[in-house]
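Please read the structure below before turning to the comments.
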Amino acid sequence: MPELPEVETIANGVNARVQEHRIVSVWTSGKPQTFKSPESEIAEALTGATIDSVRRVGKTIVMTVTPGGPSFPASSDRVGLVPGAATSSRKPAPPAIPTEFLIHLGMTGRLLVSQPEVPPPPHTHAVLTLDDGREIRFVDPRRFGRLSIHHAQSPQPVTDNLQPGTSYTGPGREPLTISLEDFVTLFKGRKTPIKAALLNQSLLHGVGNIYADEALFRAGIRPRRQAARVTRAELTRLRAALQAVLRRAIKLGGSSVSDYVDAEGMRGYFQIEHKVYGRRGEPCLTCGTPIQKIALAGRGTHFCPTCQK
DNA sequence: CGTCCCACCTGATTGC
DNA sequence: TGCAATCAGGTGGGAC
């Protein structure tokens with residue numbers, strides 16, 4: 001379901017609602033495929049933790065928490081539900097190690113913040129109950145989504161993107177901030193079609209099927225063109241088009257093509273501005289030629305055979 | 001290593 | 001109308 005603009009909208013919405021709140025309990029469904037880290041590890045990392053922030057990296061939602069789990073309070077008072085209430089001022093808290101909860105929504109994942117009396121939807125796979133009773137719910141019918149824990153200070157293999165002891169940076173580069181030089185370099189020597197390269201998360205992360213098609217249309221480039229043969233001038237246009245499309249979509253709250261909704265259950269509106277995606281057979285908004293739909297890299301691919309070279 | 005293809009799932013829509 | 005085939009915004013693993 002969600003690509004960069006949708007994930008950004010969801011992460012920002014959830015962040016505004018849950019930042020600084022404490023997670024008092026964690027429930028998980030036991031569906032093994034959903035959990036990239038063991039459920040016990042997720043429950044242990046999050047129970048009692050305070051949410052520092054929720055943000056987007058690529059298509060992944062990253063919830064950073066400060067642990068406060070059962071390790072030291074030893075279940076002293078379960079009555080004191082007031083946040084920030086006296087937590088036995090005997091010792092200074094041990095140096096809190098930030099932990100990151102990674103939520104990938106797959107195709108149909110949703111992250112909702114709900115009042116407890118609202119019945120959980122079908123296919124709810126994780127529930128984080130907050131100190132005020134509200135629940136952060138991960139719902140995912142197709143179960144392509146993944147939940148995992150990333151320990152920000154645990155030893156990490158040193159790679160281009162993952163330094164020891166740093167926070168999660170994702171597999172590729174952020175399309176909104178990548179420089180032109182780096183963008184051009186990404187495609188050098190790649191024989192794969194330009195659209196497949198755009199979808200490759202270890203190059204750029206966050207770009208999915210809708211925004212790849214929309215950016216290629218706006219840049220006037222056919223999706224099947226070999227990446228290495230797209231000229232520098234075209235790549236300059238492509239980067240600008242991609243960034244413009246993503247920014248505009250974020251501004252409109254993402255694209256709701258079926259039942260995508262953000263943390264508050266609101267739809268996005270960028271689908272109104274789709275120029276090719278989902279418009280097979282309809283006239284190109286620039287030249288009137290019917291929009292074609294082909295299969296490329298296993299994905300439905302939309303383009304204007306006249307405007308895109 | 002780069003690239004292709006399919007499997008992983010459920011639900012909505014299309015087509016006979 | 002009914003039911004089966006097809007398709008869906010994403011990834012990750014295996015084959016080549």
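Chain identifiers are assigned alphabetically (A, B, ...) following the order of the sequence lines, protein sequences preceding nucleic acid strands; residue numbering begins at 1 within each chain. Just so you know, these numbers use all the heavy atoms, side chains as well, and skip hydrogens, waters and symmetry mates.
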Does this structure show an ion pair linking E174(A) with R56(A), if we count only N-O contacts that are shorter than 4.0 Å? yes

Is there a donor-acceptor pair under 3.5 Å between the side chain of T124(A) and the backbone N or O of P120(A)? no

Mapping H123(A) and Q33(A) onto DNA chain B by nearest heavy atom, which one lands closer to the 5' end? Q33(A)

Dot-bracket notation for DNA chain C, counting Watson-Crick and G-U pairs under 3.5 Å, with | for partners on another strand: .|||||||.|||||||

R299(A) (side chain) and dA8(C) (base): donor-acceptor pair under 3.5 Å: no

In whole Å, I'd like the distance from the CG atom of L204(A) to the P atom of dT11(C). 12 Å

Give a yes or no answer on whether the side chain of Q292(A) reaches the backbone of G281(A) with a donor-acceptor pair at less than 3.5 Å. no

Side chains of H302(A) and D213(A) only: does a donor on one sit below 3.5 Å from an acceptor on the other? yes

Using modelled atom types only, decide if a donor and an acceptor are shared between the side chain of E3(A) and the backbone of I210(A) within a distance under 3.5 Å. yes

May I have the distance from F144(A) (atom CZ) to dT11(C) (atom C1'), rounded to whole angstrom? 9 Å

At their closest point, which heavy atom of D131(A) faces which heavy atom of V24(A), and how far apart are they? CA-CG1, 3.8 Å

Between R146(A) and P193(A), which has a closest nucleotide on DNA chain B that is more 5'? P193(A)

Between I210(A) (CD1) and dG10(C) (C1'), how many Å, whole number? 12 Å

Just one of N15(A), L105(A), L102(A) clears the side chain to side chain contact (heavy atoms under 4.5 Å, CB included) bar with I61(A), so which one? L105(A)

Return the orientation label for the H274(A) and Y277(A) ring planes: parallel under 30°, perpendicular over 60°, tilted otherwise. perpendicular

Out of dT11(C), dG12(C), dA8(C), which has the shortest distance to the side chain of M107(A)? dA8(C)

Roughly how many Å apart are dC7(C) and dC5(B), using the P atom of each and rounding to a whole number? 16 Å

So, R225(A) side chain and K309(A) main chain: donor-acceptor pair closer than 3.5 Å or not? yes

Answer yes or no: does a side-chain N or O of Y277(A) lie under 4.0 Å from OP1 or OP2 of dG9(C)? yes

Check nucleotides 14-16 of chain C against the protein and report each pair of N or O atoms closer than 3.5 Å, with its distance, or say if there are none.
none

Can you tell me how far P in dG11(B) sits from the matching atom in dT1(C), rounded to whole Å? 23 Å

Does Q201(A) have a side-chain nitrogen or oxygen under 4.0 Å from the phosphate oxygens OP1 or OP2 of dT11(C)? yes

Starting from the 5' end of DNA chain C, give me the residue, N209(A) or K36(A), whose nearest nucleotide shows up first. N209(A)

CG of D140(A) versus P of dG10(C): gap in Å, rounded? 13 Å

Between CZ of R143(A) and P of dG9(C) the distance, given in whole Å, is 20 Å

Could you check whether G298(A) gets within reach of a base, just the sugar-phosphate, or nothing at all, counting any heavy atom under 4.0 Å? nothing

Considering only the P atoms, how many Å lie between dA7(B) and dA5(C), rounded to the nearest integer? 16 Å

Mind listing the closest non-hydrogen atom pair of L199(A) and V207(A) along with its distance? CD2-O, 3.9 Å

Is a donor from one side chain sitting under 3.5 angstrom from an acceptor on the other, for T231(A) and E234(A)? yes

Under 4.0 angstrom, heavy atoms only, what part of the nucleic acid is R190(A) near: base, sugar-phosphate, or nothing? sugar-phosphate

Side chains of S37(A) and S148(A) only: does a donor on one sit below 3.5 Å from an acceptor on the other? no

Interatomic distance where NZ belongs to K59(A) and P belongs to dG9(C) [whole Å]: 10 Å

Under a criterion of less than 4.0 angstrom to any heavy atom of chain A, what are the 5'-terminal and 3'-terminal contacting nucleotides of DNA chain B? dT3(B) to dG11(B)

Length of the CG-P vector between N200(A) and dG12(C), whole Å: 11 Å

Just how far, in rounded Å, is P of dT11(C) from CG of L203(A)? 13 Å

Interatomic distance at C1', dT3(B) relative to dG9(C), whole Å: 23 Å

Co-membership, hydrophobic cluster, residues F217(A) and V230(A), 4.5 Å side-chain: no

